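Here the structure comes first, spelled out in structure tokens, and everything after it is commentary.
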Amino acid sequence: MNQLIKELQWRGMIQDIMPGTEEQLNKEMTSAYVGFDPTADSLHIGSLVPILLLVHLQKAGHKPIALVGGATGMVGDPSGKSEERNMLSEEDLNKNVIGVRNQLMQFLNFDASIPNAAELVNNYDWFKGISFLEFIRDAGKHITVNYMMAKDSVKKRLEGDNGMSFTEFTYQLVQGYDFYWLFKNKNCKLQMGGSDQWGNIVTGTELIRRKIGGEAFAFTCPLIKKADGGKFGKTEKGNIWLDANKTTPYQFYQFWLNASDADAAAWIKIFTFLPQDEINALITAHESNPADRILQKKLAEELTIFVHGQSEFDKAVETTQKLFSNTKAPIDALSVEDLESIEGIVRTDYAADKINAGIDILSFLTENTVFESKGAARKMLQNGGVSINREKITDLQMMVEKKHLLHDKFILVQVGKKNYYLVSI
RNA sequence: GGGCAGUUACCAGAGUGGCCAAAUGGGGCGGACUGUAAAUCCGCUGUCUUUCGACUUCGGUGGUUCGAAUCCACCACUGCCCA
């Protein structure tokens, strides 16, 4: 048992904490859980912080329980949502539960030979056997509506103009019951989660107290925001997923590399396991020469390795170097091998005879799915956003022909600074 | 069941007969500057198209009109209040 709470505190990972939590953790090996909603078949980086809470917990010698919300996913958490959620079909839900489960497996140690082996549970397993009547008598009787209405997630919706269905209203009770069930059956005394979960979590500890007089604990981590107030974890391409098939390791690496200075300093504490003095040294080094982006690089390195492994990280760095290290250099600096081995960017194959015959730039771009239509391609060209082989193209009539081929084989298309497409014949 | 308000593009939200593909803000994308930042400034942001223009859009369906996001009827949905 080490100083888990102190560790998390300096990292800025604790928002609210229930009194007595630290004492409980120092007293004995404690089981603690975090719930994950199966809203998609992969987790995204928004779930990374709760995952890291579990990892820290296990490192500190406690027992992590990851709960996949097969049942709660059917209800829909109103927290932080201004309107009623769409219901997922049971089929999608099952698929998502499996996907999320598999991802959680890779971050925690499930080796049954250690006393604090991680455990994975699905709340559908206990909810499927509970009837509605049972539930409202068993759980509902102990919590007043007044209590539930006072919750922020509920209050906001009552004050807003979208209303709230009974289904979503009951969500906190369903989640609260999870905690009760785990407390009773798995001796789980602590729940963690994002700060938006505080209300739901507290309903759980309350239920445990009123129903069986048990004492349960909780703490939450702050929700990650960008310094400029923007949403965290979203880019033009949508969510940053943990699944390499949805977000390539290169894109994942790039996301962290592009963090702003202010964000990087906060995020490196939260998202890496680097010790405090090392982080402070990195921050100092970064401040003396911000252009080197020492923090961003380290942050991106640690996280890409954590999620995708060393070899994927190496490839991501390699791709990054090829594409960005020498953007002023003539394009020939990239060898055939360089181009062939670029990973993580969009590649398309194109008919050689079309290039040999020469093709207009607009058709070339749309046929290689760089743009969806000629209109879109034209607009981007007019805005000066398209480069071929690192040369900005402004001539809408330009013909793409043999002389544009690099090593007789490739054409490197760039949209903006960061979006690369490699066309090969 | 009764009364009232509402439904407009990714979101918020203006528009109450032609000047409406639809103000403004946010978001997104691109450009300049830079460090593949931040801040700032500029451009684009319904679809397709050789910038002409064509087509589809303002909850749905019908109607009035030369002409409808705008007027009328019915329907659906949402919110609030009363029962």
Side-chain angles (χ1 to χ4, degrees), chain A residues 80-86 156-169 225-240 250-268 283 285-301 304 316-329 342 344-345 359-367 370-388 390-399 412-421:
Chain A
K81 300 271 194 286
S82 61
E83 34 186 282
E84 187 86 7
R85 292 213 310 203
N86 292 325
K156 279 199 183 117
R157 287 280 287 275
L158 291 178
E159 284 161 5
D161 36 49
N162 280 303
M164 174 182 228
S165 69
F166 178 70
T167 307
E168 286 195 1
F169 177 63
K225 283 217 192 85
K226 294 205 286 182
D228 62 11
K231 286 191 208 91
F232 168 74
K234 303 261 187 186
T235 67
E236 71 279 11
K237 292 177 188 72
N239 279 320
I240 304 290
Y250 164 73
Q251 287 163 343
F252 184 86
Y253 176 78
Q254 283 283 323
F255 172 80
W256 298 104
L257 192 65
N258 280 308
S260 71
D261 292 349
D263 288 333
W267 291 355
I268 198 159
I283 291 177
H286 181 269
E287 278 165 358
S288 68
N289 186 6
D292 265 1
R293 291 180 298 157
I294 293 167
L295 281 175
Q296 284 89 336
K297 282 178 187 161
K298 191 67 183 169
L299 175 69
E301 175 185 341
T304 309
V317 172
E318 219 179 300
T319 300
T320 297
Q321 270 165 2
K322 283 174 195 162
L323 296 179
F324 291 101
S325 65
N326 213 351
T327 45
K328 298 282 185 293
I342 291 176
I345 65 169
I359 179 155
D360 65 282
I361 181 82
L362 293 177
S363 305
F364 174 78
L365 290 173
T366 46
E367 285 172 25
V370 176
F371 293 103
E372 280 181 15
S373 72
K374 291 187 179 176
R378 181 174 301 108
K379 276 175 188 161
M380 192 57 83
L381 277 163
Q382 281 168 342
N383 267 320
V386 180
S387 296
I388 300 260
R390 287 202 178 133
E391 267 180 57
K392 190 169 282 189
I393 307 297
T394 45
D395 176 14
L396 293 181
Q397 318 302 329
M398 189 189 111
M399 299 300 282
L412 190 66
V413 181
Q414 227 176 314
V415 178
K417 274 182 219 162
K418 301 171 192 170
N419 307 298
Y420 283 90
Y421 299 80

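Every chain is numbered from 1 and lettered A, B, ... according to where its sequence line falls, protein lines coming before strand lines. Keep in mind that this is a model prediction, so the values were computed, not measured.
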Round to the nearest Å and state the distance from L365(A) atom CG to C48(B) atom P. 14 Å
In whole angstrom, give me the gap between the C1' atoms of C66(B) and C48(B). 29 Å
Applying a 4.0 Å non-hydrogen cut-off, can you work out what L257(A) is touching in the nucleic acid: base, sugar-phosphate, or nothing? base
Measure from the side chain of S260(A), starting at C-beta and using heavy atoms only, and say which of U36(B), U50(B), A38(B) lies closest. A38(B)
Correct closest heavy-atom pair for L257(A) and R293(A) would be O-NH1, 3.8 Å
When the distance from NZ of K226(A) to C1' of G27(B) is rounded to whole Å, what number comes out? 11 Å
N-O pairing of E318(A) and K322(A) below 4.0 Å: yes
Should the pair W267(A) and W256(A) be assigned to parallel (<30°), tilted (30 to 60°) or perpendicular (>60°) ring geometry? perpendicular
So Q382(A), base contact, sugar-phosphate only, or nothing? Heavy-atom distance under 4.0 Å. nothing
When you compare A12(B) with C58(B), how far apart are their C1' atoms, in angstrom units rounded to a whole number? 15 Å
In the structure shown, which nucleotide is the Watson-Crick or G-U wobble counterpart of C44(B), with both distances under 3.5 Å? G28(B)
Closest nucleotide among A37(B), G35(B), G30(B) to the N383(A) side chain: G30(B)
Which of these nucleotides, G35(B), U49(B), G30(B), is closest to any side-chain atom of K374(A)? U49(B)
Could you tell me the separation between the NE2 atom of H286(A) and the P atom of A37(B), rounded to a whole number of Å? 13 Å
If pairing requires Watson-Crick or G-U wobble contacts with both distances under 3.5 Å, which nucleotide is the partner of U50(B)? none
In whole angstrom, what separates L381(A)'s CG from C29(B)'s P? 19 Å
Let me know, please, whether T320(A) or E372(A) comes out on the 5' side of the other along RNA chain B by nearest nucleotide. T320(A)
Determine the Euclidean distance between corresponding P atoms of U8(B) and U64(B); express it in Å to zero decimal places. 27 Å
Calculate the interatomic distance between L295(A) atom CG and A37(B) atom C1'; express it in whole Å. 12 Å
Partner nucleotide, any strand, of A23(B) [Watson-Crick/G-U, under 3.5 Å]: none
Checking side-chain contact (heavy atoms from CB on, under 4.5 Å) between L365(A) and each of I393(A), D360(A), L381(A), which is the one that passes? L381(A)
Expressed as a whole number of angstroms, how long is the span from Q296(A):CD to U34(B):P? 18 Å
Taking the nucleotide of RNA chain B with the closest heavy atom to each, which residue, D261(A) or A376(A), is nearer the 5' end? D261(A)
A83(B) -> Watson-Crick or G-U wobble partner, both distances under 3.5 Å, gives none
So, OP1 or OP2 of G31(B): does either fall under 4.0 Å of a side-chain N or O from K379(A)? no
Separation between the P atoms of G67(B) and U47(B), rounded to whole Å: 29 Å
Are any of K417(A)'s side-chain N or O atoms less than 4.0 Å away from OP1 or OP2 of A32(B)? no
Before we go on, tell me: are the rings of Y420(A) and F324(A) under 6.0 Å apart, centre to centre? yes
Winner on side-chain proximity to K392(A), out of U49(B), A32(B), G35(B), is A32(B)
Output yes when at least one side-chain N/O atom of R378(A) is less than 4.0 Å from OP1 or OP2 of U49(B), else no. no
Using every non-hydrogen atom in the two residues, find where L323(A) and R390(A) come nearest and quote the distance to one decimal. O-NH2, 3.0 Å
Name the nucleic acid region contacted by Q397(A), choosing base, sugar-phosphate or nothing; use a 4.0 angstrom heavy-atom cut-off, strictly under. nothing
With a 3.5 angstrom cut-off on both distances, give the Watson-Crick or G-U wobble partner of U64(B), or none if there isn't one. none
Using the C1' atom on both, measure C19(B) against G31(B) and round to a whole Å. 32 Å
Distance in angstrom units between L396(A) CG and U49(B) P, rounded: 13 Å
Would you indicate what A262(A) reaches in the nucleic acid, counting non-hydrogen atoms under 4.0 angstrom: base, sugar-phosphate, or nothing? nothing
Nearest-angstrom distance, C1' atom, G46(B) to C10(B): 12 Å
C33(B) and A23(B): how far apart are their P atoms, nearest whole angstrom? 31 Å
Specify the closest pair of heavy atoms between I359(A) and E367(A), including all atoms of both residues, with the distance to one decimal. CD1-OE1, 3.7 Å
Roughly how many Å apart are G6(B) and U70(B), using the C1' atom of each and rounding to a whole number? 16 Å
Between K226(A) (side chain) and S260(A) (backbone), is there a donor-acceptor pair under 3.5 Å? no
Which of U36(B), U49(B), G30(B) is nearest the side chain of S373(A)? It is U49(B)
Protein-nucleotide distance (Q414(A), atom CD; G31(B), atom C1'), rounded to Å: 14 Å
Using OP1 and OP2 only, check whether a side-chain N or O of N419(A) sits under 4.0 Å from G30(B). yes
